Amino acid sequence: MPRPKKDVSEYLGQRIPDSKLTILSESGRDSHGRILVKTLCDCGKRKRKILSQVLSGHTKSCGCLKHQRHVEYTQGAVDRLSATQIMQCFLAIVDKNAPRPDFPQDVIVSAFIRRTESLKSLPGDVALDVRLRVLAHDNYAAIARENGLHPAEIAWIYKHRIKPAIEAEREEGITQDHLKELALHDIAN
């Protein structure tokens, strides 16, 4: 005998207490006969969820709460790392021959990202010195030693900061030259 049809209309448009979900509409049943509803999460995502799990509080979001907790856990783990451990994580990603620290992969990646963010915001005089010396083909080890960095960090700065800037400047220069030629051609005609 099929399950009796439950009236979902009383929950439509309701935000479920202690959750991030608002029930929008009924969405059929799953393979076990449970009522599915379309929900809107506070983060803006729409997902189909099982009504009983939403009402009981077992399901509190579209999945963004779990992700948020994971990010907070990972950031807390990175906060507890020393500068040396963060450098080990950075090197583990940049240098394939570097030893891999005994941390979960997500902690290593987060530490790497944190270090690259600090490299992107080097003080202006240090950033300028690194750029000029790299472009002058100076030794990465010497540049690193004099600026309190690691040679792998200098290589990363070149690959991800200096080289793209040079290529953009070069492309912009070509574009400007091309525009000048077109303008002169138009004036000549």
Side-chain angles (χ1 to χ4, degrees), residues 16 18-21 30 39-50 53-54 57-176:
I16 305 305
D18 299 323
S19 80
K20 298 177 104 185
L21 298 174
D30 69 1
T39 60
L40 174 65
C41 186
D42 290 348
C43 73
K45 288 186 182 171
R46 294 173 186 253
K47 294 275 186 164
R48 287 177 51 179
K49 298 290 180 181
I50 299 169
Q53 291 181 352
V54 172
H58 180 74
T59 301
K60 296 183 182 286
S61 73
C62 67
C64 62
L65 275 177
K66 183 177 180 180
H67 176 72
Q68 179 183 347
R69 286 188 196 116
H70 178 71
V71 167
E72 288 169 359
Y73 166 79
T74 304
Q75 291 305 318
V78 173
D79 290 341
R80 292 186 294 275
L81 296 179
S82 68
T84 303
Q85 291 171 319
I86 289 175
M87 179 57 70
Q88 289 172 344
C89 293
F90 177 84
L91 292 175
I93 290 181
V94 182
D95 183 0
K96 301 299 180 202
N97 297 323
R100 189 183 184 288
D102 190 25
F103 302 124
Q105 182 64 23
D106 52 351
V107 173
I108 292 172
V109 170
S110 292
F112 168 79
I113 291 169
R114 184 169 295 178
R115 184 62 190 145
T116 59
E117 291 300 319
S118 65
L119 290 175
K120 289 177 185 176
S121 60
L122 286 174
D125 57 331
V126 174
L128 181 62
D129 179 54
V130 168
R131 179 183 169 115
L132 293 175
R133 291 182 67 188
V134 165
L135 293 176
H137 303 289
D138 205 349
N139 182 335
Y140 281 11
I143 300 170
R145 188 174 43 255
E146 293 172 18
N147 288 293
L149 298 170
H150 189 279
E153 291 176 309
I154 300 297
W156 184 90
I157 290 169
Y158 172 72
K159 183 176 180 182
H160 296 282
R161 305 292 294 164
I162 297 172
K163 189 175 179 182
I166 291 170
E167 289 172 356
E169 290 168 4
R170 187 176 298 139
E171 192 166 299
E172 185 177 300
I174 291 170
T175 304
Q176 288 176 352

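Since the model is a prediction, treat every value here as computed from it, not as a measurement.
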Got a second to check how far [X]'s [atom1] is from [Y]'s [atom2], nearest 0.5 Å?
X      : Y      : atom1 : atom2 : answer
Leu128 : Asp125 : CG    : CG    : 8.0 Å
Arg48  : Thr39  : CZ    : OG1   : 10.5 Å
Lys49  : His58  : NZ    : NE2   : 9.5 Å
Leu40  : Arg46  : CG    : CZ    : 5.5 Å
Arg133 : Ile154 : CZ    : CD1   : 8.5 Å
Leu81  : Ile108 : CG    : CD1   : 9.5 Å

[Y] and [X], any side-chain heavy atoms less than 4.5 Å apart:
X      : Y      : result
Ser61  : Cys43  : no
Tyr158 : Val130 : no
Thr116 : His160 : no
Lys20  : Cys64  : yes
Asn147 : Leu122 : no

Do Ile162 and Ile157 pass the side chain to side chain contact (heavy atoms under 4.5 Å, CB included) test, and can you show the C-alpha distance, the side-chain angles, and the key distance before you say yes or no? CA-CA 6 Å; Ile162 297 172; Ile157 290 169; 4.0 Å; yes
So, are Lys60 and Asp42 salt-bridged, with charged N and O less than 4.0 Å apart?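 Result for this pair is no, no salt bridge flagged.
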Give a yes or no on whether a salt bridge exists between Glu72 and Arg69, defined as a side-chain N under 4.0 angstrom from a carboxylate O. no
Judged by atom type as modelled, is there a donor-acceptor pair below 3.5 Å linking the side chain of Glu117 to the main-chain atoms of Arg114?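 No, the answer is negative, given that no donor and acceptor are paired below the 3.5 Å cut-off.
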Keeping Glu146 on the side-chain end and Ile143 on the backbone end, is there a donor-acceptor pair under 3.5 Å?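 Flag not set: sc Glu146 to bb Ile143 has no pair under 3.5 Å.
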Walk me through whether Arg100 and Gln105 qualify under side chain to side chain contact (heavy atoms under 4.5 Å, CB included). CA-CA 10 Å; Arg100 189 183 184 288; Gln105 182 64 23; 2.7 Å; yes
Indicate whether any N or O donor in one side chain lies under 3.5 Å from an N or O acceptor in the other, for Gln75 and Arg80. no
Lys47, NZ: over 12 other non-hydrogen atoms inside 6.0 angstrom: no
Should the ring pair Trp156 and Phe112 be called parallel, tilted or perpendicular, given that the plane angle runs from 0 to 90° and is split at 30 and 60? perpendicular
Trace of the side chain to side chain contact (heavy atoms under 4.5 Å, CB included) decision for Lys96 with Leu91: CA-CA 8 Å; Lys96 301 299 180 202; Leu91 292 175; over 6 Å; no
Criterion side chain to side chain contact (heavy atoms under 4.5 Å, CB included) on Asp95 and Phe90, from CA distance to verdict: CA-CA 8 Å; Asp95 183 0; Phe90 177 84; over 6 Å; no
